[in-house]
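Have a look at the structure below before the remarks.
To find a chain, count down the sequence lines: A is the first, B the second, and so on, and within it residues start at 1. Quantities reported herein were computed from a predicted structural model and do not represent experimental measurements.
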Amino acid sequence: MIDRLHRRGFLQVAGAAAGSMCVNLRGASGPVEGDASAHPRFLTGCCAYSYGDYLKSGKMTMEDFIRKAVELEIDAVDITTYWLKSTEPDYLLSLRHLAFKLGVLFSGIAIRNSLCYADADKRTQQVEEIKKWVDATETLGTSQIRVFGGKIPNGATDAQGIDWVVETLKPACDYAAKKGVTLAIETHHEITEKAANVVEILRRVDSPYAAVTLDVSNWLEEPYGQIETLVPYATNTHIRDFYGPPPRPLDLDRVWQIFAKAGYKGFMTVEYENKEDQMTGVPKLVEQVKALCKKYSSV
Amino acid sequence: MKTAFDRRGFLQAAGFAAASSLVADIRAGARPAEETARPRLLTGCCAYSYGKYLEAGQMTMEDFILKAVELEVVGVDMTAYWLKSKEPAYLHNLRHLAFKHGILFSGAACGTEMCEPDAGKRAALVTEIGQWVDVAELLGVSHLRVFGGELPPGATVAQGKDWVVEVMKPACDYAAQKGVTLGIESHHGITSMAADIIEILHRVDSPYARCNLDITHFPNDPYAQIEALIPYATMTHIRDHFDEPHPDPIDLERVWQMFVKGGYQGFMAAEYESKEDPATGVPKLLAKIKVLCKKYSSV
């Protein structure tokens, strides 16, 4: 259902080389072989971030959030790490055990970081920081971490920024691979503003443990074309019902069709960020996501 | 729709007055009412279902994971008999393959039997289970099926339970450090009767000691015994016929209703063992499981 004109437009903008990269990477490490669209698998999920107001003010704990998933009747939760009380194994194992007993799956965790530092020492620090979170991910028994690309420093070019991201992500992925953990860079403005940049980063990192957290909303323009480009590399998603800035409505049915056509297999994860109170707003977005997963998923 | 008669009959047969109060204790401790109000029944399949093909080398564990995409189930259970090795690189490769295909691991299953009269051999069994816990950790799963085992000739049931507890307790202490629950399977021998399993779990007294509820192996009063174990179950094995000597068809609808009533939250995993070739038989059993999960699950 993708608008061909948009797709062509994107490829022209990105430059002709991007197209062949895309094909190469799909062949080498794309998530799906054979008839990709035969069995799309959409599992329902929600980020802790969706309840950020409540978690930040202490009105909700991570344990409460895991229990909330039972009430929301979704498959999985994504552990936004900002509100973890600690990274002590005892605490992380207690969260893992709580989720296990409730039949709630972890889709992954999400950390706050930047891969885009001009300073080599800062890049090394970032790698060390990510390693700690890889260890925490192992303790939680899940297999992916959302990482951010980060802001391009003032005066630097996209090309320089991409170099720095690659230099940071590559050694981090080497470490994560040893633990069975994938690092999924989020489409989140800045250096990851354009799908073509994300594809180039992944091609150059060249690790099966480097992937994309496809936030469907963080685009200035051409959301559908950019989403379609990145679906083959996506191992997680962030779902909202608008894109921007400025905020414009996003046709979620069209988004699901794009994912289905590419045979996406993974979580469709609500990351609520509207103005309505999260207690009433999150369930509404979750209902939309559940209806679409039911419509398009093979499971 | 269990009858009061079945239940009474079971309790009398078990000759174990404490059984009902033990059930009440653990149920009250582990399952708050607001959580059990929403049953979560996730579809799954054990590798054992394809044992004929895995044994003959006509199917690898990689093939089995990919088969789950075709079968359109949420999770797969990794019966360890056909793992090529316990090497991290191999296990991480399986974990990554499943992750990329949006396949969840419901757990792993080893063949260790705990009912061992010799103290030295029991110590070796604790070590052996520990090695499988390490495998579970590398796969990123939170559940490991273990067996009770056959009662040696001349030994009493009371002695058998003592030996199982002596193995399972230290094994659970180790598993707890890795976030892995040991699920003792209801599987003949010392685990023929629900009351004995409940007593074992009560004496092991660990949040990481639970039951892998195989619904087919009870010598009498199967529905009452299944119902007694649901509060302790973190995993199931589903077939549509009881085991010998009374291989009657199982009223799966009745079984699902009991799991709903017990507030079960976890996988309903096909463990196919009928005479028909698994290639055609497994999908038929899964079709029944999928219909029932769709009907009764909140997710």
Side-chain angles (χ1 to χ4, degrees), chain A residues 29-34 38-44 67 69-76 89-90 92-108 137-144 177-182 208-209 211 235-236 263-267 290 294 297-299, chain B residues 30-32 34-43 66 68-75 88-89 91-107 136-143 176-181 207-208 210 234-235 263-267 290 294 297-299:
Chain A
S29 65
V32 174
E33 289 150 24
H39 301 275
R41 293 170 64 86
F42 301 138
L43 301 165
T44 55
R67 290 195 181 91
V70 175
E71 189 186 319
L72 292 170
E73 303 185 341
I74 53 175
D75 295 316
D90 282 354
L92 297 177
L93 290 176
S94 74
L95 295 177
R96 174 180 179 165
H97 193 57
L98 176 67
F100 170 68
K101 284 196 303 177
L102 297 171
V104 172
L105 310 169
F106 287 150
S107 49
T137 306
E138 186 184 32
T139 305
L140 286 168
T142 183
S143 295
Q144 67 180 327
K178 290 182 201 148
K179 309 277 185 165
V181 173
T182 292
Y209 288 88
T235 51
N236 200 357
Y264 175 75
K265 294 170 173 60
F267 293 92
K290 283 199 280 191
K294 196 173 175 184
S297 178
S298 68
V299 288
Chain B
R31 316 304 309 275
E34 69 274 16
E35 286 168 7
T36 57
R38 295 177 200 267
R40 296 169 63 84
L41 309 168
L42 304 168
T43 57
L66 296 176
V69 173
E70 188 186 315
L71 293 169
E72 303 184 341
V73 291
V74 176
L91 298 170
H92 280 152
N93 186 52
L94 294 176
R95 175 182 180 162
H96 193 57
L97 181 71
F99 170 68
K100 284 200 304 178
H101 287 84
I103 300 288
L104 281 302
F105 286 148
S106 50
E137 184 185 31
L138 291 165
L139 289 171
V141 304
S142 297
H143 187 262
Q177 293 166 34
K178 310 277 187 161
V180 176
T181 293
Y208 289 87
R210 307 297 280 184
T234 45
M235 175 66 186
Y264 179 73
Q265 290 160 329
F267 285 89
K290 284 194 265 189
K294 195 171 178 185
S297 178
S298 70
V299 286

- Query: Considering residues at least two apart in sequence or located in another chain, which fulfil the salt bridge (Lys or Arg N to Asp or Glu O under 4.0 Å) criterion with A:K290?
  - Reply: A:E287
- With only heavy atoms counted, which part of A:F267 is less than 4.5 Å from chain B, the side chain, the backbone, both or neither? side chain
- In terms of side-chain heavy atoms, does B:E70 have a donor or acceptor partner in A:H39 at a distance below 3.5 Å? no
- Message: Are A:F100 and B:R210 packed together at the side-chain level, in the sense that at least one heavy-atom pair is separated by less than 4.5 angstrom?
- Response: no
- Does some side-chain heavy atom of B:L97 sit less than 4.5 Å from a side-chain heavy atom of B:L66? yes
- Task: Measure the NE2-CG distance between B:H92 and B:L138 for me, rounded to the nearest 0.5 Å.
- Result: 5.0 Å
- Gap between atom OG of A:S143 and atom NE2 of B:H96 - 0.5 Å precision: 9.0 Å
- Query: What distance do A:H97 atom NE2 and B:Y208 atom OH have between them, rounded to the nearest 0.5 Å?
  - Reply: 5.0 Å
- Message: At a heavy-atom distance under 4.5 Å, which candidate from B:K178, B:K294, B:E137 has the highest pair count against chain A?
- Response: B:K178
- Note on the structure: Under 4.5 Å to a heavy atom of chain A? For B:F105 that would be neither
- Query: In terms of heavy-atom proximity below 4.5 Å to chain A, should B:A176 be classed as side chain, backbone, both, or neither?
  - Reply: backbone
- Is chain B contacted by the side chain of A:L43, its backbone, both, or neither, given a heavy-atom distance below 4.5 Å? side chain
- Option from A:V70, A:D75, A:L105 for which side chain to side chain contact (heavy atoms under 4.5 Å, CB included) with B:V299 holds: A:D75
- Message: At a heavy-atom distance under 4.5 Å, which candidate from B:S297, B:P207, B:P88 has the highest pair count against chain A?
- Response: B:P207
- Among A:T139, A:L140, A:V104, which residue forms the greatest number of heavy-atom pairs with chain B at distances under 4.5 Å? A:V104
- Query: Among A:E73, A:E71, A:K179, which has the most heavy-atom pairs under 4.5 Å with chain B?
  - Reply: A:E73
- Message: Does any backbone or side-chain atom of A:A177 lie under 4.5 Å from a heavy atom of chain B? Answer side chain, backbone, both or neither.
- Response: backbone
- Identify which of A:G141, A:P89, A:S298, A:S94 forms the greatest number of heavy-atom pairs closer than 4.5 Å to chain B. A:S298
- Among B:V180, B:L42, B:T181, B:N93, the residue with the most heavy-atom pairs under 4.5 Å to chain A is B:T181
- Options B:G140, B:S106, B:S142, ranked by heavy-atom pairs under 4.5 Å with chain A, top entry: B:S142
- Message: Applying side-chain hydrogen bond (donor to acceptor under 3.5 Å, both in side chains), can you list everything that pairs with A:T142, at least two apart in sequence or on another chain?
- Response: none
- Item | Region of B:L41 that comes under 4.5 Å of a non-hydrogen atom in chain A | neither
